[in-house]
There are 2 protein chains.
Amino acid sequence: MHLASCNLFQGISDLQLTRLLGIAVEVRMAKDQWLFQEGQEANHFFVLENGSVELITLVNDKFELPVALLKTPGSGFGMAALIHAADYNVSARCAENGVLFRIDRSKLEKLIGEDHELGCRLMANLARHLFIRLRDARRELKAHFKSLFLLTH
Amino acid sequence: MHLASCNLFQGISDLQLTRLLGIAVEVRMAKDQWLFQEGQEANHFFVLENGSVELITLVNDKFELPVALLKTPGSGFGMAALIHAADYNVSARCAENGVLFRIDRSKLEKLIGEDHELGCRLMANLARHLFIRLRDARRELKAHFKSLFLLTH
């Protein structure tokens, strides 16, 4: 069981982890199956147990831009489901048959409402995760501008 | 006083806001003064009371890439100070004389440790803020790839 190794669950007590396990559903996924699409209401957060998942965004009808390939058991995705009333900002497609844990947004919100210490830890871990992703995205943008600057100067 | 209108403090009770005010220090800033530099340990979170602040990142010695110009009283910046042991991911420079509220990271961590409900709300607001910034950065990246795709196809 790799749910516990998800970076969002770091620093969480055994009791809190048991409660999280209580709302997690094990689901099988098949290669090429879509788990969610960019722009859809984010109702589920997922943790990879085994197999692999591609996160992608569509540049246009023909061109997919890869965001990440998740292979490590315990990888969490669909983080938008942890932001109140948010939509998925990428699409997720199964790249290899496997198993996932699926956590329902409303059940997680209820759990957090009953245990603010858990909520504080989860949200702090989520903020750290998004902070790192934002730093990486800005570095990539900077690399684009650097190339542009070199071309024009 | 615009501290209360900061997006990170949404949904916080009057009592919790009073506690936050208790650890906030009012400071004057002068045009062209650096408030922090990218890569420095993030020890302070700031809220704009009046004046304006530029957030920038250096592409190279000669070229600054603007990230945001903050003019609205209540704008928060230096969010990295709310992520445990993180460095600032942009630099901040005063664009117009003004007044700021400065909140010390260690004092805020202490407050959150004593009040997990406050911590949960603050971290959830921070995660939402970073989620939107990440979505915007990825949209910008996508626009770059779209231009590139049009040029090469």
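Just so it is clear: chains get the letters A, B, ... in the order the sequence lines come, proteins before strands, and each one is counted from 1.
- Hydrophobic clustering (side-chain heavy atoms under 4.5 Å, transitive across Ile, Leu, Val, Met, Phe, Trp, Tyr) keeps L21(B) apart from F46(B).
- Cluster annotation: M29(A) is not connected to I103(A) through the hydrophobic network of ILVMFWY side chains, with a link wherever side-chain heavy atoms come within less than 4.5 Å.
- Residue H129(B) holds its NE2 atom at 8.0 Å from CG of L134(A), rounded to the nearest 0.5 Å.
- Closest non-hydrogen pair, A137(A) versus L141(B), comes out as O-CD1, 3.9 Å.
- Of the listed residues (L130(B), L82(B), I132(B)), the greatest number of heavy-atom pairs within a distance under 4.5 Å of chain A belongs to L130(B).
- Closest approach of N89(A) and R138(B) over heavy atoms only: ND2-NH1, 3.7 Å.
- L3(B) and V27(B) are assigned to two separate hydrophobic clusters, defined by single-linkage of ILVMFWY side chains at heavy-atom distances under 4.5 Å.
- When every heavy atom of M123(B) is checked against every heavy atom of A127(A), the shortest pair comes out as O-CB, 4.5 Å.
- Two different hydrophobic clusters hold F45(B) and L70(B) under the rule that ILVMFWY side chains link at heavy-atom gaps under 4.5 Å.
- The hydrophobic cluster containing L8(A) does not contain V67(A), counting ILVMFWY residues as joined when their side-chain heavy atoms lie under 4.5 angstrom apart, directly or transitively.
- Residue contact with chain A, scored on non-hydrogen atoms closer than 4.5 Å, involves the backbone of L58(B) exclusively.
- Contact count versus chain A (heavy atoms, under 4.5 Å) is highest, among D115(B), D136(B), I83(B), for I83(B).
- When side chains are defined from C-beta on, K142(A) counts as touching T57(B), because their heavy atoms get closer than 4.5 Å.
- With respect to chain A, the highest number of heavy-atom pairs below 4.5 Å among M79(B), H84(B), R139(B), R135(B) belongs to H84(B).
- With rounding to the nearest 0.5 Å, the separation of SG in C120(B) from CD in E117(A) is 11.0 Å.
- A80(B) touches chain A through backbone and side chain together, each having a heavy atom under 4.5 Å away.
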